[in-house]
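Report on the structure given below.
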Amino acid sequence: MMRLSNTLSGKTEEFRPREAGRVGMYSCGPTVYDYGHIGNFRTFVFVDLLRRALRQSGLKLNHVMNITDVDDKIIRNATANNISVRDYAAKYEQAFLEDMKILNLEQPEHVVRATDHIHGMAKFIAGLAEKGFAYKTEDGSYYFRIVKDPDYGKLSKKDFAGMEDGARVDVDEYEKDSARDFALWKAPKPGEAQWETEIGPGRPGWHIECSAMSREFLGDTFDIHLGGEDLIFPHHENEIAQSESLTGKTMANYWVHCRFLLVEGEKMSKSLGNFYTLRDLLLKGHKASSIRYLLASVPYSRQLNFTFDGLKQAAQSVERLRNFKLRIETAKLADGSTEKFAQLAQQTESKMRAAFDDDMNTSVALAAIFDMVREANSAADAGELRKGDVAPLLSALQKFDEIFDVLRDNDAEKSRFALEWAKSAGKLAAEQQAELERFAAQSAALSDAQIEELIAARNAAKKARDFGRSDAIRNQLADAGVILEDTKDGVRWKRK
RNA sequence: GGCGCGGUACCCAAGUGGUAAGGGAGAGGUCUGCAAAACCUUUAUGCGUGGGUUCGAUUCCCACCCGCGCCUCCA
């Protein structure tokens, strides 16, 4: 059974789904006002890892993720770019979905747009108003009345009881009863997106969408609510206030938050010049798998220090795992099998399972798989590995990759995608143009059969001790992006 | 100021009241016509500093120093 850090209780707890074998979870998705940055993706990678681990442990998932496609920033940016809010948001929603694919993030069972559920939100607010938790101001906005909710602050551990209502009201907040009250519904303003609803015209506040949509898809109470740690307050606190005030029930049993990502030890920010979108990194030549690996390698309950050195290290680590897989898949081995490898593989699977169960400790899971790789490599070097040993080892690798998903090598096509995107957006630097051409040349260049043919020719040349010719072939293949490895068992090759 | 997290080798990073996982880098080696790649071995008498508890602390307690987060839009 998995243990998870529950912000609500402040403890790491056994995860017990409400319904045996099934888990209902909600994760806060992106606000599509710009391209996603690596901080965003740390959280999304974590959510993806958790999804996969829960499923691997036998649970059936019902996971909802929202896309916030109307908010202040979107409206502001759309206005600045002189396009409609709808078109603006659609562009970045599309980009986000592309980025998810680049990072091998699975699609949640339900990806829901805020603007497709406006009426549900209006209805939700009407319900709150009916119970006295919401009030309407003169301009037609609605606010949540915090003094009505004695539990307010329970997630973020803030004590609002001592704050006398009115004593600290900011004079600028003229419309609200209390400075702490938050917007549920914003009255229409000229030029802004707005909807006609039963509570009047306007647009939803940020917090209400998650309350309304989670309830619609998951019910009054569900198992896990996920998000970045910065959402604890006010966003998640407000979701709880809205949902629990309306239904009188617990909204979610487990509130799990991913810690922040730092860049070179500092908070990522545009002013510090250490702000990177996923696409920035791909255009700098980093592989999608390196990025996913690095983001996955540190447990979510710890801050992750993202560095370019770390990214290189991650690339090496991924290579090591891929090379091992290639090695045991292609090795020429004697028949038979050895009990110790079956045991090793079995133990590795158990260790990984235990690591995931222990609050998604990905570091420990990685240690387990690398231990296996080292032991199996040693044995293979010593000639102890047999044909029958390959299957259990591959099985353990597969279990690993069902969660981490870094062994498939489709990095080149993803980098190429990013380059082509940059080209169409007019952001392509000269060296990136060259890189793009190189990709084009490579993919057009050689078929597998042609590669095999050239390798055979090189082998023949080597046998005839015509090293000039064999090296020329090796260079030709290298130019085409094919890397050769001479091993005891013959030549192994892979595309770069 | 309030609340919370962390300081472990050159870098990233687990972990535990009983003597430091894993990865990367470096060094050495195996393999090779050479090279690359691959693989192996190796690298912290010590886990921010000072006290305390204990037979024993990196792990618990106290103080201090440093870094980070939230408290306002933010993954």
Side-chain angles (χ1 to χ4, degrees), chain A residues 5 7 10 27-31 33-34 36-47 71-73 76 153 156-160 162 170 179 182 206 226-235 237 257-262 265-269 293-295 297-324 326-327 351 355 358 361-382 461-463 465-468 470-471 474-475 478 483-489 491-494:
Chain A
S5 294
T7 308
S27 60
C28 287
T31 299
Y33 66 94
D34 204 344
H37 58 70
I38 50 173
N40 296 317
F41 286 111
R42 187 209 179 173
T43 299
F44 295 129
V45 167
F46 158 62
V47 170
D71 92 316
D72 294 350
K73 271 188 235 177
R76 191 188 61 211
S156 54
K157 314 282 185 281
K158 291 180 192 303
D159 184 8
F160 293 95
D170 184 330
F182 58 88
W206 175 35
L226 301 157
E229 65 170 328
D230 55 323
L231 296 185
I232 295 170
F233 189 88
H235 185 51
E237 192 72 62
H257 293 97
C258 186
R259 302 287 318 271
F260 250 73
L261 170 144
L262 304 176
E266 294 186 283
K267 183 170 177 174
M268 183 166 67
S269 74
Y293 182 97
L294 178 55
L295 295 180
S297 63
V298 178
Y300 76 94
S301 57
R302 313 273 281 204
Q303 279 181 178
L304 184 156
N305 186 13
F306 185 97
T307 65
F308 285 97
D309 194 37
L311 207 45
K312 279 187 212 143
Q313 295 176 6
Q316 285 302 114
S317 302
V318 171
E319 273 309 297
R320 183 172 161 85
L321 294 169
R322 286 180 180 172
N323 283 326
F324 172 72
L326 185 66
R327 176 183 193 175
K351 280 184 195 166
D358 183 15
N361 194 329
T362 49
S363 290
V364 169
L366 285 169
I369 200 74
F370 278 108
D371 279 339
M372 184 188 89
V373 167
R374 178 168 29 76
E375 287 191 40
N377 269 323
S378 286
D381 282 353
K462 275 176 69 174
K463 211 162 194 174
R465 305 193 68 79
D466 182 355
F467 296 123
S470 70
D471 288 353
R474 183 166 66 194
N475 289 338
I483 296 170
L484 297 189
E485 290 174 20
D486 292 333
T487 74
K488 267 186 288 198
D489 301 325
V491 180
R492 192 155 69 204
W493 66 271
K494 59 185 179 185

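Every chain is numbered from 1, with letters handed out A, B, ... down the list of sequences. Quick note: numbers below take in every heavy atom, side chains included, and nothing from hydrogens, waters or symmetry partners.
Nucleic acid contact for A:L261: base, since at least one base atom lies under 4.0 Å from a heavy atom of the residue. Base contact: A:L484 has a heavy atom under 4.0 Å from a base atom. Nucleic acid contact class of A:G310 (heavy atoms, under 4.0 Å, all strands): none. In this structure, A:L231 reaches the sugar-phosphate backbone alone: every heavy-atom distance under 4.0 Å involves primed, P, OP1 or OP2 atoms, never a base. Counting any heavy atom pair closer than 4.0 Å across all strands shown, A:I232 reaches no nucleic acid atom. Counting non-hydrogen atoms under 4.0 angstrom, A:G265 reaches the backbone sugars and phosphates but no base. The residue A:P299 sits close only to the backbone: its heavy atoms come under 4.0 Å of sugar-phosphate atoms, none of a base. Residue contacts for A:T487: at a heavy-atom cut-off of 4.0 Å it reaches no nucleic acid atom on any strand shown. Heavy atoms of A:Y33 sit under 4.0 angstrom from primed sugar atoms or phosphate atoms, though from no base atom. Using a 4.0 Å heavy-atom distance criterion, A:F467 is classed as a base contact.
Using a 4.5 Å heavy-atom threshold, the side chains of A:L366 and A:Y293 count as touching. With contacts defined as side-chain heavy-atom distances shorter than 4.5 Å, the pair A:F370/A:L321 qualifies. The closest side-chain heavy-atom distance from A:R327 to A:T487 is not below 4.5 Å. You'll find the side chain of A:F233 stays beyond 4.5 Å of the side chain of A:H235, heavy atoms only. For the pair A:W206/A:D71, no side-chain contact is recorded, criterion being any heavy-atom separation below 4.5 Å from C-beta on.
The interatomic distance linking A:R465 (CZ) with B:U32 (C1') rounds to 11 Å, in whole Å. Rounded to an integer number of Å, the gap from CD of A:E485 to P of B:A35 is 17 Å. Remark: P of B:C70 and CD of A:E229 are 7 Å apart, rounded to the nearest angstrom. Regarding A:M268, its CE atom lies at a distance of 12 Å from the P atom of B:C70, rounded to whole Å. Atom-to-atom, CG of A:N323 to P of B:G24 comes out at 11 Å; the value is rounded to the nearest Å. Between the CZ atom of A:F233 and the C1' atom of B:G2 there is a distance of 13 Å, given to the nearest Å. Regarding A:R42, its CZ atom lies at a distance of 14 Å from the P atom of B:G69, rounded to whole Å. Atom CZ of A:R474 is separated from atom C1' of B:A36 by 7 Å (rounded to the nearest Å).
B:C68 and B:U30: their P atoms are spaced 48 Å apart (whole Å). Taking the P atom of each, B:C55 and B:U42 are spaced 37 Å apart, rounded to whole Å. Between the C1' atoms of B:C11 and B:C5, the separation comes to 22 Å (whole Å). Nucleotides B:U54 and B:G15 have their P atoms positioned 29 Å apart, rounded to a whole Å. Nucleotides B:A21 and B:G17 are separated by 15 Å at their P atoms, to the nearest Å. B:G69 and B:G26 are spaced 32 Å apart, taking the P atom of each and rounding to whole Å. Between the C1' atoms of B:A27 and B:C65, the separation comes to 36 Å (whole Å). One C1' atom belongs to B:G56, the other to B:A14, and the distance between them is 23 Å to the nearest Å.
For a distance-only test at 3.5 Å, the side chain of A:D358 fails to qualify as a donor-acceptor partner of the base of B:G15. Side-chain N/O atoms of A:Q313 and base N/O atoms of B:C11 include a donor-acceptor pair closer than 3.5 Å. For B:A35, the base has a donor-acceptor partner in the side chain of A:D486 [N/O atoms by modelled type, under 3.5 angstrom]. A donor-acceptor contact under 3.5 Å links the side chain of A:T43 to the base of B:A75.
A:H37 meets the ring pair (Phe, Tyr, Trp, His ring centres under 6.0 Å) test with A:F275; sequence neighbours excluded. Every salt bridge (charged side-chain N to carboxylate O under 4.0 Å, His left out) that A:K494 has, sequence neighbours left out, goes to A:E319, A:E485.
Here the side chain of A:N361 pairs a donor or acceptor atom with the backbone of A:V364 at under 3.5 angstrom. Counting only distance, with no hydrogens or angles, the side chain of A:S297 and the backbone of A:S363 share no donor-acceptor pair below 3.5 Å.
Sequence neighbours left out, not one pair with a member in residues 302-314 of chain A passes salt bridge (Lys or Arg N to Asp or Glu O under 4.0 Å).
Contact annotation: A:Q316 side-chain N/O to B:G23 OP1/OP2 distance is not under 4.0 Å. OP1 or OP2 of B:G22 has not a single side-chain nitrogen or oxygen of A:Y293 nearer than 4.0 Å. For the OP1/OP2 pair of B:A14 and a distance below 4.0 Å, the side-chain nitrogens and oxygens of A:N361 include no atom meeting the criterion.
Residues A:L484 and A:W493 approach most closely at CD2-CB, 3.7 Å, considering heavy atoms. Minimum interatomic distance between A:M268 and A:G39 (heavy atoms only, all atoms of both residues): CE-N, 3.6 Å. A:L294 approaches A:G310 most closely through the heavy-atom pair CD2-C, 4.0 Å. Listed here is the closest heavy atom pair of A:T7 and A:H257: OG1-ND1, 2.6 Å. The shortest non-hydrogen separation linking A:L311 to A:F306 is CD2-CZ, 3.9 Å. Of all heavy-atom pairs spanning A:P299 and A:R42, the tightest one is O-NH2, 2.8 Å.
Here B:A75 is the nucleotide among B:A75, B:A14, B:G22 with the atom lying nearest to any side-chain atom of A:D230. With distances taken from any side-chain atom of A:D309 to the nucleotides B:A14, B:C11, B:G23, the minimum falls on B:C11. Nearest to the side-chain atoms of A:R320 among the listed nucleotides B:C40, B:A75, B:U72 stands B:C40. Distances from the side chain of A:N305 to the nucleotides B:C11, B:A13, B:C71 place B:A13 closest. Listed nucleotides B:A38, B:A14, B:C34 differ in distance to A:S363; the shortest reach to its side chain belongs to B:A14.
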Quiz item: For every nucleotide of nucleotides 3-9 of chain B, 5' to 3': is a protein heavy atom under 4.0 Å from its base (B), only from its sugar-phosphate (S), or from neither (-)?
Solution: --SSS--
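Contacts between residues 369-377 of chain A and RNA chain B, defined by a heavy-atom separation under 4.0 Å, are made by A:F370, A:D371, A:R374, A:N377.
When the nearest nucleotides of RNA chain B are assigned to A:S297 and A:H37 by heavy-atom distance, the more 5′-ward of the two goes with A:S297. Mapping A:K494 and A:K267 onto RNA chain B by nearest heavy atom places A:K494 closer to the 5' end of the strand.
Consecutive pairing runs in RNA chain B reach the stem threshold at B:1-7 with B:65-71, B:10-12 with B:22-24, B:26-30 with B:38-42, B:48-52 with B:60-64, where a stem means at least three Watson-Crick or G-U wobble pairs with distances under 3.5 Å.
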